Amino acid sequence: MYIPSLTTVLSVAFLGYMANSMWNIVQLYIPPSCPPTDKTCISNMLTPTSTVSLLMFSTIKSRPQAGSDLKYLSRLDVSVEEENEQVVSVKLPRSVTRNGSMYLSVFACYPGLGEKDMSREGWWQEVINTPQTSYTLTKLTQFAIPEAETFNLLSEETGDKPKVERDRSRPVTHLRSKLTLSLMTDQLSMSIKQVPGEIGQVMQLTKDRKQFLPILYVDELTMRLKDLVIVNSTDKESSITVAYRPISLGKLRLFLQFTSALGSMAGMGFTDKDTDEVKGIFADTNLVLLLVTFGVSAVHLLFDFLAFKSDISFWRGKKSMEGLSRKTILWRAFSQSVIFFYLMDEETSLLVLIPAGVGALIEIWKVTKALHVTISFSGIKFGEDSKVEASTAELDGVAMKYLSWVLYPLCIGGAVYSLIYTPHKSWYSWTIQTTVNGVYAFGFLFMLPQLFLNYKLKSVAHLPWRAFMYKAFNTFIDDLFAFIITMPTAHRVACFRDDIVFLIYLYQRYLYPVDPNRIDTSTMMDEEPAATEPVEGSKKTN
């Protein structure tokens with residue numbers, strides 16, 4: 001009887017959990033219904049042709065009173081089904097320029113004010129106190145670590161270097177330059193008992209309890225770190241872009257739940273940078289793309305785990321370097337380490353940084369296997385190569401000889417160009433940036449020696465193909481993530497570069513097929529491959 005392995009059981013359980021999570025997301029978009037006989041049904045006060053006036057006020061208090069606490073900013077008249085946008089000028093109080101906080105109060109007045117006389121003193125106090133007005137409050141400022149300034153390293157003496165460096169040891173006040181306001185516009189009827197919990201927190205009923213007031217929502221997911229503008233002590237006023245976007249019930253429920261989840265992530269130690277990357281996945285995607293992203297994320301995570309497991313299993317039992325390019329292994333360990341330090345220097349999200357760090361450790365461990373390194377109390381010892389390994393190393397050296405003629409001039413030229421024309425934060429930043437640009441732009445050339453060895457040996461049986469296939473699938477999934485998760489441009493381009501190399505490896509596997517009677521431990525998932533006697537009389541094709 002077939003007994004599935006622990007890896008198979010865990011993989012199936014993980015995929016089942018992710019499928020259930022995707023179904024829960026779909027259910028958020030299924031609106032509740034109310035039978036005609038139910039007397040507790042409530043409906044949306046807004047209709048597709050309704051107009052609403054959005055009144056915006058600034059305040060420095062988190063719980064302002066409708067009086068001197070509010071400073072009128074602007075009025076935005078919207079048709080609820082049409083998008084709109086307005087640039088609003090905001091005066092900055094002295095407390096805000098001294099690292100204080102500021103808030104935005106928004107009132108949704110239904111129906112629209114039309115030709116309301118706004119010249120009379122106290123007109124807005126009357127408007128916001130009407131029973132059909134909705135209200136919400138959001139932060140207009142946010143504390144964040146200032147971006148590090150860059151300058152031309154060769155022009156320090158000419159004054160290009162900032163005279164006063166920004167203090168990046170503590171967060172300072174930044175203004176949110178973009179805000180998105182939304183009204184829930186779905187025409188639906190539901191029982192009071194069917195109101196979802198997250199909607200009940202933002203819903204207000206009319207006095208007759210037959211309708212609910214316009215649900216006004218400030219979209220927190222579209223507030224990205226890249227839109228923050230630092231507030232200097234000399235600033236007097238600034239401008240923000242206020243956009244109006246209608247929102248459906250399903251999307252509103254998803255955003256409310258996800259905003260709550262982001263707060264939980266912050267409590268677990270995730271930084272604003274980490275949560276900001278996750279925001280980008282949900283903010284500008286429809287339901288179909290969201291489910292696709294969610295699904296491929298799950299598959300990507302699973303393949304990452306399986307690739308690491310297969311890679312470790314293959315190299316743990318590897319005794320000979322026959323057919324494997326040692327220089328390629330050394331290069332991959334070096335390049336993965338450089339990429340890791342580069343991502344740290346760029347303050348990239350942990351979603352990208354952690355897998356890069358784990359990959360670098362595995363590549364460094366492979367080097368110890370490739371060089372036959374033995375670590376003991378007496379010291380570090382390097383083992384000797386066999387005759388077959390020496391033959392492989394000779395072919396490897398020939399490939400690297402021709403490769404160096406192309407690689408070194410390109411790397412040196414790129415480093416000089418970057419030093420002259422590109423600003424950097426420091427000499428360390430330039431060193432990391434130059435090295436990683438060489439890794440990204442020309443690093444795939446170091447994967448060519450292995451292709452050369454495969455060609456000379458007319459064999460691919462020595463490669464860990466199961467781990468290769470997991471990585472190949474993940475490479476194509478990375479192409480999708482390259483457009484979704486924010487990452488350095490060089491890292492994004494490298495995702496597409498790897499596609500070409502994997503396709504060449506697959507073509508070589510097609511050219512040099514493996515004898516089906518041959519025991520290929522590289523494709524086994526067992527921790528310890530079973531000892532199987534070779535089939536007598538069988539001819540080894542590869």
Side-chain angles (χ1 to χ4, degrees), residues 31-32 34 40-59 64-67 69-86 88 103-138 140 179-192 194-196 198-220 222 240-253 255-256:
C34 187
T40 62
C41 293
I42 57 176
S43 59
N44 193 353
M45 177 179 290
L46 297 178
T47 65
T49 58
S50 297
T51 59
V52 176
S53 294
L54 301 176
L55 301 183
M56 290 165 278
F57 302 82
S58 65
T59 178
Q65 301 294 325
D69 292 343
L70 299 178
K71 304 297 182 182
Y72 176 75
L73 293 179
S74 181
R75 163 184 163 183
L76 178 61
D77 295 327
V78 299
S79 178
V80 294
E81 293 289 356
E82 298 178 3
E83 296 184 357
N84 205 339
E85 193 173 283
Q86 184 182 85
V88 179
Y103 301 86
L104 180 73
S105 295
V106 184
F107 295 85
C109 303
Y110 174 77
L113 300 182
E115 300 298 329
K116 178 73 175 181
D117 182 14
M118 299 170 55
S119 60
R120 183 168 52 87
E121 184 177 355
W123 66 270
W124 58 265
Q125 285 91 341
E126 298 176 3
V127 172
I128 64 176
N129 287 321
T130 57
Q132 293 182 338
T133 298
S134 304
Y135 168 75
T136 190
L137 179 76
T138 187
L140 200 54
L179 292 175
T180 300
L181 306 176
S182 298
L183 291 170
M184 200 281 289
T185 58
D186 282 1
Q187 303 300 304
L188 49 87
S189 178
M190 56 183 168
S191 172
I192 294 181
Q194 294 177 316
V195 176
E198 62 275 3
I199 297 296
Q201 298 178 5
V202 295
M203 176 183 288
Q204 295 178 338
L205 300 180
T206 57
K207 290 183 179 180
D208 59 4
R209 302 179 66 83
K210 296 296 183 182
Q211 292 180 313
F212 54 87
L213 300 183
I215 298 179
L216 179 60
Y217 171 69
V218 180
D219 190 353
E220 295 282 345
T222 57
I240 60 174
T241 301
V242 179
Y244 168 77
R245 306 282 186 270
I247 193 171
S248 64
L249 177 66
K251 198 169 186 178
L252 177 60
R253 293 185 63 188
F255 282 14
L256 287 171

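None of the values given here were measured: they were computed from a predicted structure.
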Stepwise side-chain contact (heavy atoms from CB on, under 4.5 Å) test for Leu113 and Trp123
CA-CA 11 Å; Leu113 300 182; Trp123 66 270; 4.1 Å; yes
Quick one: are [X] and [Y] in side-chain contact, heavy atoms under 4.5 Å?
| X | Y | result |
| --- | --- | --- |
| Gln187 | Pro48 | yes |
| Ser182 | Leu252 | no |
| Leu249 | Pro196 | no |
| Leu256 | Ile199 | yes |
| Leu73 | Val242 | no |
| Leu70 | Trp124 | yes |

Apply side-chain hydrogen bond (donor to acceptor under 3.5 Å, both in side chains) to Ser189 and list each qualifying residue two or more places apart in sequence or on a separate chain.
none
Could you pull out all residues at least two apart from Gln86 that satisfy side-chain hydrogen bond (donor to acceptor under 3.5 Å, both in side chains)?
Ser74
If I compare all heavy atoms of [X] with all of [Y], which pair ends up nearest, and what's the gap?
| X | Y | value |
| --- | --- | --- |
| Pro131 | Leu213 | O-CD1, 3.6 Å |
| Leu181 | Leu54 | CD1-CD1, 4.0 Å |
| Met45 | Pro214 | SD-CD, 4.1 Å |
| Arg209 | Ile192 | NH2-CD1, 3.7 Å |
| Ala243 | Glu85 | CB-OE1, 4.0 Å |

For [X], all residues meeting salt bridge (Lys or Arg N to Asp or Glu O under 4.0 Å), sequence neighbours excluded:
| X | answer |
| --- | --- |
| Glu81 | none |
| Glu82 | none |
| Asp69 | Lys61 |

Verify side-chain contact (heavy atoms from CB on, under 4.5 Å) between Ile240 and Leu179, making sure each step is shown before the conclusion.
CA-CA 7 Å; Ile240 60 174; Leu179 292 175; 4.1 Å; yes
Can you measure from [atom1] ([X]) to [atom2] ([Y]) and round to the nearest 0.5 angstrom?
| X | Y | atom1 | atom2 | answer |
| --- | --- | --- | --- | --- |
| Leu205 | Ile42 | CG | CD1 | 5.0 Å |
| Leu183 | Arg245 | CG | CZ | 13.0 Å |
| Ile247 | Phe255 | CD1 | CZ | 5.5 Å |

Those residues at least two apart in sequence (or on a different chain) that pass ring-ring contact (aromatic ring centres under 6.0 Å, His included) with Phe107 are Phe57, Tyr135
